[in-house]
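What follows is a short report on a single structure.
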Amino acid sequence: MNKSKLILKLAYLVGYLLFSGFSAYFTASSLSLNLLNGTNLWLVFVLVLVVAMLAGWCLTNVISELQKNVGASKVTFAFSLVGFFIFWTFSFVTNVHYFFVEKHGYSILTQELSSAKGYIEKNTTQSNKEIEDRKNIAIAAVSAAVHAKIDSFSNELDNTMNNRKGFGESCVIILNTTETILLQDSAIYGDKNEYVIFDDERDRGDIGITSRNRCKELHVKYASRMELQLKKKTDVIKNFYERQKNQNVELIDLTPTITELEEKHLPAVLKDGSVNAFYTYYNQQDGRVISKMPDGYRKECVVDSDGEIIKFNVYPSKRMFDTMSVWGDIFSVRIYGMTMFQLIIIALIFDIVSFILFY
């Protein structure tokens, strides 16, 4: 082998090692984030570099079999082609994921933190007063409705006593309607109570009573039951709104943490700019803020239907570190405003050039 050919081969080797090394680093970084929590990067890098060489070897076998005029092996060709596509797809998919995190990681992290801060501000500014007002309005409304039914029940009993019509259908309808009033907004408050004022089995003996003294007893009996059931309902309403107040207190407690992340840690992440820095910082942001946000915040970030994600108003930082989730979002067009086409082209260039140089 003459000197010029040797130099050319060495140049190809250096070029291959350069491009395949970068590609292996991108893949190793992606795998490290997915499977190893950002650790053991260089161990994964060595393993991935071996995989890259296997892909190049498979491609070389494919081309060699195609160039043979005689004695080409279909089995070798088929196995090499399948092996090449498996190894190459593995490299390509993880490389695109790495580029996605590298390019958009910082903006995703900052947007998520900003959205959490905005949610807290929106839901706590004068919120406790508003919660108290809503609680009082809700209690006043249900109390007025029930007391109106108590008055109607009293009037009906007076009519029964005066005309000796007996405790009958009209009284029972009033009591059943009161039960309906107490039950009608149970879903809003997560109310699991049953509101039973007149029970067909327990209270059937009251039907038809006309005695004035007994009617007075019935008034006390059922008015007391309505008041008791009303108290159960108002307790549910109070607990519901107190929970909202408590949630606000917990949210407000997150504000100093968010300020610390914005002023101290995010500038350092931006200065570093590496995927590893994004991942290390993400663990802080998620553990100290995002994981403590209520379900209402998550519903604002992710729009779904029957458990299927429709779109992201705020892309979750946790999701961007998962290769298959990112690719699923690419195929389903759930990633908006992010330059994916360029990232795919760059990943293709690295792999194609490295395979050409290997061959």
Side-chain angles (χ1 to χ4, degrees), residues 19-42 44-45 47-49 51-52 55 85-116 261 265-266 268-286 290 298 301-304 308-355:
F19 277 88
S20 64
F22 275 115
S23 179
Y25 175 78
F26 303 148
T27 295
S29 297
S30 174
L31 290 175
S32 179
L33 295 177
N34 276 268
L35 304 176
L36 302 172
N37 298 321
T39 61
N40 300 317
L41 172 63
W42 295 111
V44 179
F45 170 79
L47 296 175
V48 171
L49 194 59
V51 172
F85 276 113
I86 290 174
F87 294 136
W88 172 72
T89 301
F90 172 75
S91 173
F92 172 69
V93 166
T94 50
N95 283 2
V96 172
H97 173 243
Y98 173 87
F99 291 141
F100 172 79
V101 177
E102 183 183 49
K103 183 171 181 61
H104 300 294
Y106 183 77
S107 64
I108 288 173
L109 288 166
T110 53
Q111 286 171 14
E112 185 178 55
L113 187 64
S114 177
S115 69
L261 293 174
H265 297 284
L266 273 174
V269 172
L270 179 60
K271 184 177 180 180
D272 187 302
S274 69
V275 168
N276 187 60
F278 296 158
Y279 187 80
T280 302
Y281 168 77
Y282 146 76
N283 285 320
Q284 269 201 86
Q285 180 168 298
D286 187 70
I290 304 303
R298 295 179 181 86
C301 293
V302 182
V303 179
D304 61 22
E308 181 180 351
I309 297 173
I310 305 300
K311 68 173 184 175
F312 297 102
N313 293 324
V314 178
Y315 199 82
S317 61
K318 183 177 183 178
R319 190 175 183 86
M320 76 170 165
F321 293 107
D322 182 82
T323 303
M324 300 316 296
S325 294
V326 169
W327 272 98
D329 296 335
I330 293 172
F331 284 123
S332 59
V333 199
R334 289 194 290 249
I335 295 179
Y336 298 102
M338 299 185 191
T339 52
M340 298 307 303
F341 181 73
Q342 294 93 321
L343 305 183
I344 290 171
I345 295 299
I346 294 170
L348 282 173
I349 289 172
F350 269 95
D351 285 336
I352 290 172
V353 171
S354 65
F355 287 137

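Along the sequence shown, the residues carry numbers beginning at 1.
Side-chain atoms of Ile108 and Phe100, non-hydrogen and from C-beta on, do get closer than 4.5 Å to each other. Contact annotation: the side chain of Arg319 approaches that of Ile309 to within less than 4.5 Å [non-hydrogen atoms, C-beta and beyond]. Looking at heavy atoms from C-beta onward, Asp329 lies in side-chain contact with Tyr315 at the 4.5 angstrom threshold. The shortest side-chain heavy-atom distance between Met320 and His104 does not fall under the 4.5 Å cut-off. Contact check for Thr110 versus Leu270: no side-chain heavy atoms found under the 4.5 Å cut-off.
Remark: Lys271 NZ to Leu266 CG distance equals 15.0 Å, nearest 0.5 Å. Within the model, atoms CD of Gln285 and OG1 of Thr280 stand 13.0 Å from one another, a figure rounded to the nearest 0.5 Å. Here the CG atom belonging to Leu113 is positioned 4.5 Å from the OH atom belonging to Tyr281, to the nearest 0.5 angstrom.
Taking the six-membered ring for Trp, Trp327 and Phe92 have ring centres closer than 6.0 Å.
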>> With side-chain hydrogen bond (donor to acceptor under 3.5 Å, both in side chains) as the criterion, how do Ser274 and Asp272 come out once you've worked through the C-alpha distance, each side chain's angles and the decisive distance to 0.1 Å?
In response: CA-CA 6 Å; Ser274 69; Asp272 187 302; 2.6 Å; yes

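The side-chain contact (heavy atoms from CB on, under 4.5 Å) check on Ser114 picks up nothing, with sequence neighbours excluded.
Leu261 and Gln284 make their closest contact through CD2-OE1, 4.1 Å (heavy atoms, listed as atom of the first residue, atom of the second, distance). The minimum heavy-atom distance linking Val275 with Tyr98 is given by the pair CG2-CE1, 3.5 Å. When all heavy atoms are compared, the tightest approach of Phe321 to Val101 is CE2-CG1, 3.9 Å.
Ring geometry, Tyr279 versus Tyr282: the interplanar angle falls from 30° to 60°, so the pair is classed tilted.
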